[in-house]
S.K.: 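Would you mind keeping the following structure in view while I ask a few things?
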Amino acid sequence: MKKLCLLLCVSLGISVSAMAEGDAEAGKAKSAVCAACHGPDGNSMIDMNPKIAGQHEKYLVKQLMEFKLASQTGGEEGRNNAVMNGMAAPLSEQDMKDLAAYFSSQTPKEGETAEQYIEAGRALYQGGDESRGVTACIACHGPKGNGMGLAGFPDISGQHATYTTAQLKSFRSGQRHNDMNGMMRDIAMKLTDEDIEILSNYIAGLH
């Protein structure tokens, strides 16, 4: 089952747009406006804002494009976020590629998992829950949470638990709907609040 899901993830990911080609130095010069929320090197100190240091270029470009699309469609398409829509709206595709090249080249800071979440988190992350049809996170995000750059699946290792919780709940409600073929929505719909708390805290310590 896990092998089948892994093959499915890869095959779906290949359809995403071509790899980003950006200039990291140019991206650094353009990144000042991003620092307030994400930190100068992409290691956000605010737990509601994601760490983007070391994130796959391709994924970063995709998200910026979809924030911009949401700004153009009133949130009907793309990824809708009041702050990021406004930030992405004036960016050209080259700006996005440059920013992605810069932040992807930065070193992410590791997070921690509290002891009470390790056992349950590992079981759910690595094994899912077949009885409820919950696919193991490891299938697309890997054993250390590093994702698959070529397939378009993000690195979620060390991510703030608060941010991960918000995104899983957003996928579950359908408020966030920019996942490939609804894959994350399908999984998140089967997660309880307790599942999300456990997974978010477990993922925070992956590295």
Side-chain angles (χ1 to χ4, degrees), residues 19-68 79-91 94-115 117-118 121-122 125 137-138 140-171 176 178-179 184 196-207:
M19 283 291 289
E21 294 178 2
D23 182 328
E25 283 303 311
K28 182 177 181 179
K30 298 173 182 179
S31 70
V33 69
C34 311
C37 292
H38 297 289
D41 62 351
N43 282 293
S44 169
M45 298 298 291
I46 305 169
D47 65 5
M48 64 183 293
N49 297 329
K51 297 178 185 179
I52 56 176
Q55 185 58 265
H56 304 303
E57 274 188 71
K58 184 177 181 179
Y59 182 79
L60 290 173
V61 171
K62 179 179 185 289
Q63 300 311 303
L64 288 171
M65 286 183 169
E66 293 188 352
F67 283 129
K68 182 168 184 173
R79 181 177 176 184
N80 192 34
N81 178 280
V83 174
M84 283 304 303
N85 291 2
M87 300 301 290
L91 298 179
Q94 189 60 51
D95 290 335
M96 295 178 188
K97 291 180 177 182
D98 292 343
L99 287 167
Y102 171 65
F103 284 114
S104 69
S105 70
Q106 301 305 294
T107 302
K109 292 182 179 178
E110 296 177 0
E112 297 181 351
T113 295
E115 185 69 29
Y117 296 110
I118 294 176
R122 181 186 296 117
Y125 183 91
C137 310
I138 196 173
C140 292
H141 295 288
K144 296 183 179 180
N146 300 133
M148 300 181 197
L150 292 177
F153 295 104
D155 184 337
I156 57 174
S157 63
Q159 189 56 263
H160 295 304
T162 299
Y163 176 76
T164 301
T165 293
Q167 296 312 301
L168 287 173
K169 288 184 175 181
S170 185
F171 278 126
R176 181 173 173 181
N178 71 324
D179 49 326
M184 280 304 305
I196 290 175
E197 178 184 356
I198 289 170
L199 282 171
S200 297
N201 282 278
Y202 178 72
I203 287 166
L206 284 177
H207 56 82

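These values consider heavy atoms only, across backbone and side chains, with no hydrogens, waters or symmetry-generated copies. In what follows, residues are counted from 1 in the order of the sequence shown.
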S.K.: Please answer whether the main-chain N or O of Gly39 pairs with a side-chain N or O of Ser44 as donor and acceptor at a distance below 3.5 Å.
M.R.: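 No.
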S.K.: Which value, rounded to the nearest 0.5 Å, describes the distance between Gln159 atom CD and Ile203 atom CD1?
M.R.: 9.0 Å
S.K.: Taking all atoms of both residues into account, what is the closest heavy-atom pair of Gly142 and Tyr125, and its distance?
M.R.: O-OH, 2.6 Å
S.K.: Hey, what do you get for CD1 (Ile156) to OH (Tyr202), rounding to the nearest 0.5 Å?
M.R.: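 One finds 10.0 Å between CD1 of Ile156 and OH of Tyr202.
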S.K.: Determine whether the side chains of Thr164 and Ser200 contain a donor N or O and an acceptor N or O closer than 3.5 Å.
M.R.: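 No - no donor-acceptor pair under 3.5 Å links their side chains.
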S.K.: For a quick check under 3.5 Å, do Asp47 and Thr162 share a side-chain donor-acceptor pair by atom type?
M.R.: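 Side chains of Asp47 and Thr162: pair found under 3.5 Å.
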S.K.: Grab the two heavy atoms, one from Leu168 and one from Met184, that are nearest each other, plus how far apart they are.
M.R.: CD2-CE, 3.7 Å
S.K.: Say you draw a straight line from CD of Glu57 to CG of Leu99; how long is it, rounded to the nearest 0.5 Å?
M.R.: 11.0 Å
S.K.: Quick check for you: to the nearest 0.5 Å, what is the distance between Arg79 atom CZ and Leu64 atom CG?
M.R.: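 CG of Leu64 is found 9.5 Å from CZ of Arg79.
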S.K.: Tyr163 and Arg176: which non-hydrogen atoms are nearest, and at how many Å?
M.R.: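 Taking Tyr163 first and Arg176 second, the nearest heavy atoms are OH-NH1, 4.2 Å.
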S.K.: Ignoring hydrogens, what is the shortest heavy-atom contact between Ser104 and Leu60? Give both atom names and the distance.
M.R.: N-CD1, 4.2 Å
S.K.: Do His38 and Pro50 have side chains that approach each other closer than 4.5 Å (heavy atoms only, starting at C-beta)?
M.R.: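 The answer is yes; the side chains approach within 4.5 Å.
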S.K.: So does Lys30 have more than 12 non-hydrogen atoms from other groups sitting under 6.0 Å from NZ?
M.R.: yes
S.K.: Heavy-atom distance under 4.5 Å between the side chains of Leu206 and Lys144, does that happen here?
M.R.: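 Of all side-chain heavy-atom pairs linking Lys144 with Leu206, none is under 4.5 Å.
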S.K.: The test is side-chain contact (heavy atoms from CB on, under 4.5 Å); show your working for Asn81 and Met87 and say whether it passes.
M.R.: CA-CA 10 Å; Asn81 178 280; Met87 300 301 290; over 6 Å; no
S.K.: May I ask you to test the Asn178-Phe171 pair for a side-chain heavy-atom distance under 4.5 Å?
M.R.: yes
S.K.: If I compare all heavy atoms of Pro40 with all of Tyr102, which pair ends up nearest, and what's the gap?
M.R.: O-OH, 3.0 Å
S.K.: Just verifying a value: how many Å separate Lys51 NZ and Met45 CE, rounded to the nearest 0.5 Å?
M.R.: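 Spacing of NZ (Lys51) from CE (Met45) equals 8.5 Å.
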S.K.: Is it the case that Asp98 and Gln94 place a side-chain donor and acceptor less than 3.5 Å from each other?
M.R.: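 Indeed, the side chains of Asp98 and Gln94 share at least one donor-acceptor pair under 3.5 Å.
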S.K.: Using 0.5 Å steps for rounding, measure from the CD1 atom of Ile138 to the CZ atom of Arg122.
M.R.: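 It is 11.0 Å, given to the nearest 0.5 Å.
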